[in-house]
Peer 1: 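What follows is a single structure, and I will ask about it in a moment.
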Amino acid sequence: MPRGVFPGQYINNPNIDKPIEEIYADIDGYSWEIYEDEPHWHTSSMLFFVVLPPLLYEGRFIKGLALSNCTDMLVERYPWFTDLFFPIAYSMFSSYPWSGLASVYFTGYDNPHRLEYYKRTHPGRAHKTFVPLEDSDFINEYVFAPFPGIEKDIDVLCVSRPSLEKNLHVVAKAIKIYHEKYGQKIRMTFLGGRNFDLNLNGMVPPERDVYKLIEEAVTHPRDYINFIPVEIQDKGALASLYSRAKVCVLGSLIEGKNRSLKEAMLCNTAVVCFKQFNQYTRADEEVFPSGAGMYAPEFDPEIMAETIHDVINNLGDFKPRQSYLPTSGRRRFFNKCVDAMPYYHEGILEYEPGKNHLNIWLDLAMHSMYQVGIEDYIYEKHTRISFARGPEQIEELINYYGVRFGIRHPSVLDKNKSGSQEVSV
């Protein structure tokens, strides 16, 4: 991981002079999926989400839905996996997944032209189920929520890996221009998403390259940026940070799954990004809904400074959480996944599109098998059977379902006593 050739020419050039289908091919030539021959990525990066567990109730069995960034590896390791689950693949980039064994592809944005192109150029995969869900890790809107009464004491927040495609130097330059143009010393708070050392000697090469670009842009980065050099894993602490910000900014032109803007909107913080963000893959679909923030219309630090100024000075005009929730959130994610599969239209008794979270058969089946209702399962309130990270946790969770349905012997769970406790119900 990653595989292919990263389309680096798209990082800081919003005006690529190519036919759109050549651009699609460039983007699809790179993936963030993980494969068996990359053991150095396994422990930290392998992810496994059970969107819907397999169910057997009143003599009726339905397969579950499980998504991962290492789908092919899991199907190959556990040949019985597809007896219990429809595997969902996502690349964590703007590309369509490379997985050959997944039943379902998360395809990012709803772009009919791009989907038609993909099916035409990949006829062997045209039968897959394609689900346009850019928010492929279904952020919990009750965990990421505004902290009541908290002071908006952070001018600009940027939550982003310190990597070149994030264009952090452009955002930093915008903060400096803001100082010069408006005579106000706002500061940006930068959270890098992992522990890193601000001493250049302690940074890994990509981080060092990013920091040097920031230095070239503003000379003295700490005059404009508060660096948070430690990873914040507690989601409540992260939600508090978002809630304190007046605006959350993203400088990227191209990337894949990005959580920061969504998490910010859920915490009722206005957002700003360039209008050209993921422009080729999303076509006419918006990055965020009207009322949640503003686009900087050109890829230019001065234009971004002006956009940030407009947002900060008109905060009362924005209702990010209220604007975002009608079309997003875990319930909608769950329903969209289930609705995309014709299998469930017949398999779920009294199936009704968009209302699977209210389905009585699903709720009773969940209670019968896992002692948790469907709504509580969606929001992970009383169970740990929906998520695992790294090969050991994932194996433990997959084997849990295998034992539950008589495919695996219980002894497979004896290897890791603490792990088996994590998936017990």
Side-chain angles (χ1 to χ4, degrees), residues 2 4-32 90-97 105-121 130-136 158-161 163-171 173-174 247-262 264-265 270-308 310-311 323-324 327-328:
V5 178
F6 183 79
Q9 67 269 37
Y10 297 86
I11 287 178
N12 51 27
N13 181 5
N15 301 305
I16 300 294
D17 186 19
K18 285 186 177 182
I20 188 62
E21 294 193 354
E22 288 187 24
I23 292 175
Y24 292 159
D26 288 342
I27 294 170
D28 285 338
Y30 180 82
S31 175
W32 276 87
Y90 72 115
S91 75
M92 298 182 70
F93 184 60
S94 296
S95 58
Y96 276 31
Y105 282 178
F106 279 151
T107 60
Y109 303 97
D110 187 6
N111 184 340
H113 182 269
R114 177 156 159 71
L115 179 59
E116 183 278 328
Y117 155 81
Y118 183 85
K119 288 184 175 183
R120 175 166 35 88
T121 56
F130 299 88
V131 185
L133 280 169
E134 196 272 333
D135 184 13
S136 54
C158 183
V159 179
S160 172
R161 288 180 295 106
S163 53
L164 290 173
E165 70 269 17
K166 303 295 184 176
N167 290 315
L168 296 173
H169 62 293
V170 177
V171 181
K173 183 69 172 180
V247 60
C248 181
V249 172
L250 179 69
S252 307
L253 288 180
I254 183 171
E255 60 174 274
K257 180 172 65 66
N258 180 276
R259 293 189 296 268
S260 68
L261 296 187
K262 298 171 183 61
M265 286 185 279
V271 295
V272 166
C273 71
F274 289 110
K275 182 68 176 176
Q276 298 91 342
F277 174 66
N278 277 348
Q279 61 181 324
Y280 304 113
T281 53
R282 65 184 175 87
D284 295 329
E285 188 167 324
E286 299 292 346
V287 180
F288 49 80
S290 175
M294 290 183 66
Y295 294 110
E298 300 294 337
F299 183 63
D300 179 89
E302 184 169 1
I303 299 296
M304 173 163 275
E306 293 170 354
T307 307
I308 293 171
D310 288 345
V311 173
S323 300
Y324 181 72
T327 58
S328 302

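Residue indices begin at 1 and follow the sequence shown. Side chains included, hydrogens not; waters and symmetry mates left out as well; all remaining heavy atoms used.
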Peer 1: Are R120 and E21 within salt-bridge range, i.e. N to O under 4.0 Å?
Peer 2: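 Yes.
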Peer 1: Would you name the heavy atoms of S323 and P289 that are closest together and state the gap between them?
Peer 2: O-CG, 3.4 Å
Peer 1: Knowing that exactly one of K166, R161, R282 qualifies, which makes a salt bridge (Lys or Arg N to Asp or Glu O under 4.0 Å) with E255?
Peer 2: K166
Peer 1: Cut-off 3.5 Å, side chains only: do Y118 and D28 have a donor facing an acceptor?
Peer 2: no
Peer 1: Report the C-alpha distance between Y10 and L253 in whole Å, list the side-chain angles of each, state the deciding distance to 0.1 Å, and finish with yes or no for side-chain contact (heavy atoms from CB on, under 4.5 Å).
Peer 2: CA-CA 7 Å; Y10 297 86; L253 288 180; over 6 Å; no
Peer 1: Are the side chains of Y280 and I16 in contact, using a 4.5 Å heavy-atom criterion?
Peer 2: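 Answer yes - side chains close enough.
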Peer 1: What heavy-atom pair brings S95 and I27 nearest, and what distance separates the two atoms?
Peer 2: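 Smallest interatomic distance, heavy atoms only, reads CB-O, 3.2 Å.
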Peer 1: Quick check on the 6.0 Å ring-centre criterion: do Y105 and Y96 meet it?
Peer 2: no
Peer 1: Could you tell me whether the side chain of V287 reaches within less than 4.5 Å of the side chain of N278, counting heavy atoms only?
Peer 2: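 Counting from C-beta outward, N278 and V287 never come under 4.5 Å.
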Peer 1: Look at the rings of Y117 and Y24 and say which category their plane angle falls in: under 30° parallel, 30 to 60° tilted, over 60° perpendicular.
Peer 2: tilted
Peer 1: Tell me if the aromatic rings of F277 and Y295 count as close, with their centers under 6.0 Å from one another.
Peer 2: no
Peer 1: Please evaluate residues M304 and N167 with respect to the criterion side-chain contact (heavy atoms from CB on, under 4.5 Å), reporting the C-alpha separation (whole Å), side-chain torsions for both, the decisive distance (0.1 Å), and the verdict.
Peer 2: CA-CA 12 Å; M304 173 163 275; N167 290 315; over 6 Å; no
Peer 1: Atom NE2 of H113 and atom CD1 of I20: how far apart are they, to the nearest 0.5 Å?
Peer 2: 7.5 Å
Peer 1: Quick one: does S328's side chain get under 4.5 Å of F288's, heavy atoms only?
Peer 2: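 When only atoms from C-beta onward are counted, F288 and S328 do not touch, as no gap falls below 4.5 Å.
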Peer 1: Would you call the rings of F106 and Y90 parallel, tilted or perpendicular, where under 30° means parallel and over 60° means perpendicular?
Peer 2: perpendicular
Peer 1: How long is the span from the OG atom in S252 to the CG atom in L164, to the nearest 0.5 Å?
Peer 2: 11.0 Å
Peer 1: Heavy-atom distance under 4.5 Å between the side chains of K275 and P14, does that happen here?
Peer 2: no
Peer 1: Let me confirm one number: the CD-CD1 distance from Q9 to I254, rounded to the nearest 0.5 Å.
Peer 2: 8.0 Å
Peer 1: Less than 4.5 Å apart, side chain to side chain, heavy atoms only: is that true for P132 and N111?
Peer 2: no
Peer 1: Is it true that a side-chain atom of S31 and a backbone atom of P97 form a donor plus acceptor pair closer than 3.5 Å?
Peer 2: no
Peer 1: Taking CD in Q279 as the centre, count heavy atoms belonging to other residues, nucleotides or ligands within less than 6.0 Å. Is the count above 12?
Peer 2: yes
Peer 1: Quick check: does any side chain N or O of E298 sit under 3.5 Å from a backbone N or O of F274, one acting as donor and the other as acceptor?
Peer 2: no
Peer 1: So, for A174 and A305, which heavy atoms are closest and what is the spacing to 0.1 Å?
Peer 2: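 Result for this residue pair: O-CB, 3.3 Å.
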Peer 1: Within a strict 4.5 Å, meaning less than it, do heavy atoms of the S260 and V271 side chains meet?
Peer 2: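 No. Closest side-chain heavy atoms not under 4.5 Å.
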